[in-house]
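Here is the structure we will look at, set down as structure tokens.
Numbers here simply count residues along the sequence, with the first being 1. Ligands are counted one by one from 1 in listed order, and the atoms in each one are counted from 1 as well.
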Amino acid sequence: MAPPVQPKSFVARHVSAIPRSGIREFFDVVQNQSDVISLGVGEPDFVTPWHIREAAIYALERGKTSYTSNLGLLKLREAISHHLEKNFGTAYDAKNQILITVGVSEALDLALRAVINSGDEILYHEPCYVSYSPSITMTHGVAVPVSCKAENGFAVTGDAIERVITPRSKVLILNFPTNPTGGTMIRTELHKIAEVVLRHNLLVITDEIYSELTFEGDHVSIASLPGMKERTIFLHGFSKAYAMTGFRIGYACGPSELIEAMMKIHQYSMLCASIISQEAALEAILHGEVDTSEMREQYRARRNYIVNSLNAIGLTCNLPRGSFYAFPSITSSGLSSKEFAVRLLQQEKVACVPGSAFGPSG
Ligand SMILES: Cc1ncc(COP(=O)(O)O)c(C=O)c1O
């Protein structure tokens with residue numbers, strides 16, 4: 001007789017070892033409760049601007065229901081190329097240096113899978129987006145966080161990065177403005193990081209998903225600094241700047257050899273991003289600038305309100321210089337971040353994400 005089935009025993013060890021996202025775990029509870037104010041999931045509460053939705057509808061009306069090239073529609077890649085040259089000071093060839101993906105999520109996964117050999121160390125600043133550490137683990141890399149502090153506006157320094165570098169260090173992930181702290185980087189410090197990257201021959205993966213939502217100063221991408229474009233994979237998408245999370249559309253840019261490697265994985269796993277979403281993204285990048293700046297001003301007003309209010313009730317909160325997050329310190333409550341979040345939910349019906357979900361530094 002066959003032994004009793006234990007489905008769990010079929011799950012790969014490295015996948016078993018990954019915890020579920022601290023955000024999702026918490027929000028599964030919230031889903032079943034009405035009258036809760038949810039401040040947790042990193043998603044604009046704006047609906048995608050109408051002209052962008054209309055572009056998607058029009059694409060369907062014209063029967064745009066096929067696969068596209070694995071790299072994505074050429075006209076979208078060309079528009080992205082112009083957009084990045086104009087706004088980020090980095091020029092990428094639409095023919096072989098840009099890959100359209102299913103959100104920055106897929107782009108990040110492809111970038112990691114394309115470059116990591118088992119045991120390579122991947123550095124990133126923390127608190128950070130919940131996906132970085134598990135995505136590294138799933139590609140058999142070793143996650144190496146660099147802790148950032150509220151006193152420094154949650155920016156990371158070249159010195160802090162250099163301190164954790166070993167001969168196995170291969171990639172540095174940057175995300176400014178940062179999820180969940182709203183930290184940004186000034187150009188001079190970014191130059192110091194670039195020097196460290198060059199000195200130790202690292203590859204950079206820069207997640208620029210919040211760059212349009214920068215409130216103070218100009219956003220600078222490390223890809224635009226001298227000598228960096230050749231060793232940087234630039235990730236960006238439409239989810240946040242144009243409130244298009246449900247379209248699942250993003251892109252990766254970089255040296256053609258790296259984009260080719262990523263494209264091979266994309267080709268066999270995803271094939272291409274949805275053509276409807278690509279058509280909508282084209283409309284967004286060509287005509288969505290005004291919508292982005294209107295939403296940014298709304299986020300700025302909300303940021304000012306919430307940060308002032310948090311500080312007024314004794315929850316010290318650093319002023320986020322970008323993104324749509326606030327990351328207050330709950331130390332004065334004497335509770336752990338999970339206890340705090342649970343009590344806030346139970347007593348005040350407000351859902352937020354415990355800091356610990358963003359890594360030990362959170
Ligand atoms: C820093 C960061 N990168 C990537 C993503 C995923 O973005 P996308 O919707 O493009 O997959 C998010 C979503 O919250 C994020 O905060």
Is it the case that His51 and Asp291 place a side-chain donor and acceptor less than 3.5 Å from each other?
yes
Within the structure, does Asn175 bring an N/O atom to less than 3.5 angstrom of an N/O atom in ligand 1?
no
Ring centre gap for Phe176 and Tyr210 strictly below 6.0 Å
no
Looking only at protein heavy atoms, which one is nearest to atom 12 (C) of ligand 1, and what is the separation?
Tyr129 CZ, 3.4 Å
I need the nearest protein heavy-atom contact for atom 7 (O) of ligand 1: residue, atom name and distance, please.
Ile209 CD1, 3.2 Å
Are the aromatic rings of His125 and Phe154 close, with centres under 6.0 Å apart?
no
Could you check whether Lys229 makes a cation-pi contact with Tyr92, meaning its NZ or CZ is under 6.0 Å from the centre of the six-membered ring and within 45° of the ring axis?
yes
Phe46 ring center within less than 6.0 Å of Phe324 ring center:
no
Test item, Glu106 contacting ligand 1 (heavy atom, 4.0 angstrom)
no
Please confirm whether Ser239 approaches ligand 1 to less than 4.0 Å, judged on its heavy atoms.
yes
So if I count the atoms of ligand 1 from 1 in the order they appear, which ones are less than 4.0 Å from some heavy atom of Asn179?
1 (C), 14 (O), 15 (C), 16 (O)
What atoms of ligand 1 come within less than 4.0 Å of a heavy atom belonging to Gly103?
10 (O), 11 (O)
Of the side chain and backbone of Arg248, name the one, both, or neither that has a heavy atom under 4.0 Å from an atom of ligand 1.
side chain
Starting from atom 14 (O) of ligand 1, locate the nearest protein heavy atom and write down its residue, its atom name and how far away it is, to 0.1 Å.
Lys240 NZ, 2.5 Å
Looking only at protein heavy atoms, which one is nearest to atom 10 (O) of ligand 1, and how far off is it?
Val104 N, 2.7 Å
In terms of residue, atom name and distance, what is the protein heavy atom nearest to atom 11 (O) of ligand 1?
Ser105 OG, 2.5 Å
Tell me whether ligand 1 is touched by Phe238 - counting only heavy atoms on the residue side and a distance under 4.0 Å.
no
I'd like to know if the side chain of Glu121 pairs up with that of Thr166 as donor and acceptor (distance under 3.5 Å, no hydrogens or angles considered).
yes
If I apply the N/O under 3.5 Å rule, does Thr245 come out as touching ligand 1?
no
Thr245 side chain to Glu43 backbone, donor-acceptor under 3.5 Å:
no
Please confirm whether Tyr132 comes within less than 3.5 Å of ligand 1 when only nitrogen or oxygen atoms on both sides are compared.
no
For Gln97 and Ser256, test the side chains for any donor-to-acceptor distance below 3.5 angstrom and give the result as yes or no.
no
Are there over 12 heavy-atom neighbours, none belonging to Arg302, within less than 6.0 Å of that residue's CZ?
yes
For atom 3 (N) of ligand 1, which protein heavy atom lies nearest, and how many Å away is it?
Asp207 OD2, 2.6 Å
Flag side-chain contact, heavy atom, 4.5 Å: Glu208 against Ser221:
yes
With nothing but distance in play, are any N or O atoms of Val102 less than 3.5 Å from an N or O of ligand 1?
no
